[in-house]
Amino acid sequence: MKKIEYNEMQNPLNQYHEGGFPKQKQEPPGIQADMTPVPDCGEESYVGHNRLEGRKALITGADSGIGRAVAIAFAREGADIALNYMPSEQQDAEDVSKLIEAEGRKAILIPGDISDENFCKELVEKAYEGLEGLDILAMVAGMQQANDDILTLSTEQIRKTFETNVFSLYWITKVAIPHMPPGATIITTSSIQAYQPSPLLLDYAATKSAIAAFTRALAKQVATKGIRVNSVAPGPIWTALQITGGQPQEKIPEFGQDTPLKRAGQPVELAGVYVYLASQESSYVTAEVYGVTGGNHTA
């Protein structure tokens, strides 16, 4: 991983890892620490400016990838964090927890599967109690499994993808909103796949389109409560999602190189957008979907 000063002006074509990736396969959900190269989540580069001082955030998928980058950034901006992740990702989650605590912030680890409605209820209540409040909800976790033929796309996979990516948003938000004060923010995670769907991701792309619609509708519903709701739509980002079945192995070496910026993105490159949407700097922004796609536009 090359050393990057986050605020230093750089050529975006080569600011982070450029070129190909070695083929590699892990069983889902995967361990980021075992990836080659390890994704850059801002562990050494992200510098905070107290934009979330005293805030209390629940982040799903917070052990690795984009969720990890968001957790690091939020902590360095002054927030305490409740981290959700799958139990098998404990190693990565503990690494994130140490980074958060190194900033003098509280880290609460809550492992569990958000495709289970009962766990979603427990997750929010544990986060609220552990943080002694809740004013940022960042839902990043997702399931992605490539399949190039609808005839072999199982009902089990479709159901699990929708439960993880879409149903969990309803289950978590329904419990969270009564705890959230005016000024609180909700951030979902859509995708370039909502706008330029791949034939390999028939179920995943449909969920990401649903997330964009959910975000915009919910934003209008809760605006009178003083709660803002926005979404981030990543493009091809180098995370464990890709090497655990999200991409076929033959596509890994050239992953992300078909974007105008000719490379895959790194998770840290999304962190600032989540911070902006969580902070008071975006006080007049709601019902928006922000693309971070390397140039593959969302409209």
Side-chain angles (χ1 to χ4, degrees), residues 20-36 39 60-68 84-89 92-93 111-117 119-120 139-172 188-214 231-259 264-265 267 270 293 296:
F21 299 94
K23 292 182 180 180
Q24 53 198 287
K25 177 70 173 176
Q26 293 186 34
E27 291 301 313
I31 298 297
Q32 174 170 295
D34 295 336
M35 293 177 65
T36 303
T60 67
D63 62 294
S64 65
I66 297 169
R68 180 189 185 103
N84 165 249
Y85 52 94
M86 294 290 282
S88 61
E89 299 169 309
D92 281 341
D113 186 350
I114 59 170
S115 69
D116 179 274
E117 182 176 5
F119 171 72
C120 287
M139 294 179 283
V140 185
M143 175 178 170
Q144 175 182 325
Q145 289 290 300
N147 186 302
D148 63 0
D149 190 343
I150 190 172
L151 300 183
T152 60
L153 181 59
S154 70
T155 297
E156 179 183 1
Q157 178 176 315
I158 297 169
R159 181 181 293 114
K160 188 72 170 181
T161 303
F162 271 83
E163 286 173 344
T164 303
N165 297 1
V166 180
F167 294 178
S168 66
L169 304 188
Y170 290 87
W171 297 332
I172 292 171
T188 66
T189 306
S190 182
S191 171
I192 185 66
Q193 290 293 322
Y195 304 89
Q196 298 186 38
S198 165
L200 295 170
L201 300 173
L202 192 59
D203 53 339
Y204 177 82
T207 66
K208 292 302 176 173
S209 182
I211 290 170
F214 169 89
S231 191
V232 180
I237 308 298
W238 182 239
T239 71
L241 202 66
Q242 311 306 332
I243 56 98
T244 55
Q247 296 291 329
Q249 279 293 299
E250 63 270 18
K251 289 186 174 292
I252 294 294
E254 297 183 353
F255 178 67
Q257 293 182 51
D258 60 348
T259 66
L270 292 99
T293 63
N296 287 337

Margin query: Give me each pair satisfying ring pair (Phe, Tyr, Trp, His ring centres under 6.0 Å) with a member in residues 231-255, each pair once, sequence neighbours excluded.
Written below: Phe21-Trp238

Next item on the list: To the nearest 0.5 angstrom, please state how far the CD1 atom of Ile158 sits from the CG atom of Leu153.
Entry: 4.0 Å

Item checked: Reported OG-to-OH distance for the pair Ser198 and Tyr204, which is rounded to 0.5 angstrom ->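 With rounding to 0.5 Å, OG (Ser198) is 11.0 Å from OH (Tyr204).
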
Item checked: For Lys23, all residues meeting salt bridge (Lys or Arg N to Asp or Glu O under 4.0 Å), sequence neighbours excluded -> none

Note to self: Holding to salt bridge (Lys or Arg N to Asp or Glu O under 4.0 Å), I want the full list of residues that pass it with Asp203, two or more places apart in sequence or in another chain.
What the structure shows: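 Per chain and number, Asp203 pairs via salt bridge (Lys or Arg N to Asp or Glu O under 4.0 Å) with no residue.
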
Please list, chain by chain and in numerical order, all residues satisfying side chain to side chain contact (heavy atoms under 4.5 Å, CB included) with [X], sequence neighbours excluded.
| X | answer |
| --- | --- |
| Asp149 | Asn147, Leu151, Thr152 |
| Asp116 | Asn118, Phe119 |
| Gln145 | Pro28, Met143, Gln157 |

Do [X] and [Y] have side chains that get closer than 4.5 Å, going by heavy atoms?
| X | Y | value |
| --- | --- | --- |
| Pro29 | Ser88 | yes |
| Val166 | Phe214 | no |
| Met139 | Ser168 | no |

Check side-chain hydrogen bond (donor to acceptor under 3.5 Å, both in side chains) between [X] and all other residues, then give those that pass, not counting sequence neighbours.
| X | result |
| --- | --- |
| Thr189 | Tyr274 |
| Thr164 | none |
| Asp92 | none |
| Ser231 | Thr188 |

Check: Please, which pairs that meet side-chain hydrogen bond (donor to acceptor under 3.5 Å, both in side chains) have at least one residue in residues 245-257, sequence neighbours excluded?
Finding: Gln242-Gln247

Margin query: Can you pull out every salt bridge (Lys or Arg N to Asp or Glu O under 4.0 Å) where at least one residue sits in residues 154-168? Sequence neighbours excluded, please.
Written below: Asp113-Lys160

Next item on the list: Identify which one of Ile192, Thr293, Leu241, Leu270 satisfies the side-chain contact (heavy atoms from CB on, under 4.5 Å) criterion when paired with Pro234.
Entry: Leu270

